[in-house]
Amino acid sequence: MSEAIGTSLVERISHVNLAIRDEQASRDFYVGLLGLTEVWRVPQPQPGLWLQIGSKQIHLLRPVDDDELPPRRVLQETPMAPHLAFSVADVKRVARRLEESGVTVIFSPYMEGQAFFTDPSGNILEILEDL
C-alpha cells in the first residue's frame, strides 16, 4: 500500500441511480412534484431520465431485468432500508404538499424533522431538515 492511511481513493459522489418502473410517472413525480430539473442524458437503450439537484444528479433508469426493480410498498412505519435522503427547510410543509398529491408520508418517531415516503416505483425517499 503506497497510499497514506486516511487518503481517500474517491473524491465525491457524482450521482446515484434508482431503478424505475415507468419513465413518465417518475418524471411527473420527480420533476412535476418534487421540482428537480431534468437534464440531458447519454443515449441508452432503456427508458429513463437524469435529474439535477444542486451539484449532484439522480439517474432514473428502467432496468433490463425486472428482478432489479424495487418492491412495491406502502410505508406503514419508519423504514430501516436503503433510501435516498433530501435536505429540506421545513419537513412538515413538504410533507403536506406530498400528502396533498396522494403520497403517503411517515414521520419518524426517532427524530424531529424527518419523514419517509416512496416514489411511484417503490424507492424509499427521506426528507430531512438540516441539522
Might you point out which heavy atoms bring P120 and A25 nearest each other, and give the distance in Å? CG-O, 3.7 Å
For D28, the side chain to side chain contact (heavy atoms under 4.5 Å, CB included) test, sequence neighbours excluded, returns Q24
When rounded to the nearest 0.5 angstrom, what distance separates CD in Q114 from CD1 in I106? 12.5 Å
Apply side chain to side chain donor-acceptor pair (under 3.5 Å) to D119 and list each qualifying residue two or more places apart in sequence or on a separate chain. Y30, N123
Pairs in or reaching into residues 42-62: which pass salt bridge (charged side-chain N to carboxylate O under 4.0 Å, His left out), with residues at least two apart or in two chains? R62-D66
Distance in Å, L49 CG paired with L60 CG, rounded so as to fall on 0.5 Å steps: 4.5 Å
Which residues satisfy the side chain to side chain contact (heavy atoms under 4.5 Å, CB included) test with A81, sequence neighbours excluded? I124
Value for CG (L69) from OG (S121), rounded to nearest 0.5 Å, stands at 7.0 Å
So, using side chain to side chain donor-acceptor pair (under 3.5 Å) as the criterion, who are the partners of D65 when residues are at least two apart? none
Flag yes if L51 and V103 sit in one hydrophobic cluster, no otherwise; membership is Ile, Leu, Val, Met, Phe, Trp, Tyr, and two members link when side-chain heavy atoms are under 4.5 Å apart. yes
Return all side-chain donor-acceptor pairs below 3.5 angstrom for residues 89-99, not counting sequence neighbours, or 'none' if the list is empty.
unit_1, atom_1, unit_2, atom_2, d
D90, OD1, K92, N, 3.1
D90, OD1, R93, N, 3.1
R97, NH1, S101, OG, 2.6

Same hydrophobic cluster for I127 and M111, using side-chain heavy-atom links shorter than 4.5 Å among ILVMFWY? no
Check: L128 and V88 side chains under 4.5 Å, non-hydrogen atoms: no
Once ring pair (Phe, Tyr, Trp, His ring centres under 6.0 Å) is applied, what residue pairs with a partner in residues 52-72 remain, sequence neighbours excluded? H15-H59, W50-H59
By the side chain to side chain donor-acceptor pair (under 3.5 Å) test, which pairs, at least two apart or in different chains, include something from residues 31-49? R27-E38, R41-Q44
Give me the other members of the hydrophobic cluster that M80 sits in, counting Ile, Leu, Val, Met, Phe, Trp and Tyr linked by side-chain heavy atoms under 4.5 Å, directly or via other members. Y110
Side chain to side chain donor-acceptor pair (under 3.5 Å) against Q52, all qualifying residues, sequence neighbours excluded: Q57
Please walk me through it: do F86 and I53 pass side chain to side chain contact (heavy atoms under 4.5 Å, CB included)? CA-CA 9 Å; F86 296 103; I53 180 168; 3.6 Å; yes
With a 3.5 Å distance limit and no angle check, can you tell me whether S8 reaches the backbone of E11 through a side-chain donor-acceptor pair? no
Quick one: side chain to side chain donor-acceptor pair (under 3.5 Å) partners of S87, sequence neighbours excluded? D130
Can you get from L18 to L33 by hopping between Ile, Leu, Val, Met, Phe, Trp and Tyr side chains that sit under 4.5 Å apart? yes
Side chain to side chain donor-acceptor pair (under 3.5 Å): which pairs involve residues 68-84, sequence neighbours left out? H83-E126
Approximate separation, where rounding is to 0.5 Å, of S26 OG and I58 CD1: 11.0 Å
Could you state the interatomic distance from CZ (F117) to CZ (F29), rounded to the nearest 0.5 Å? 5.0 Å
When rounded to the nearest 0.5 Å, the distance separating CG of L125 from CG of L84 is 6.0 Å
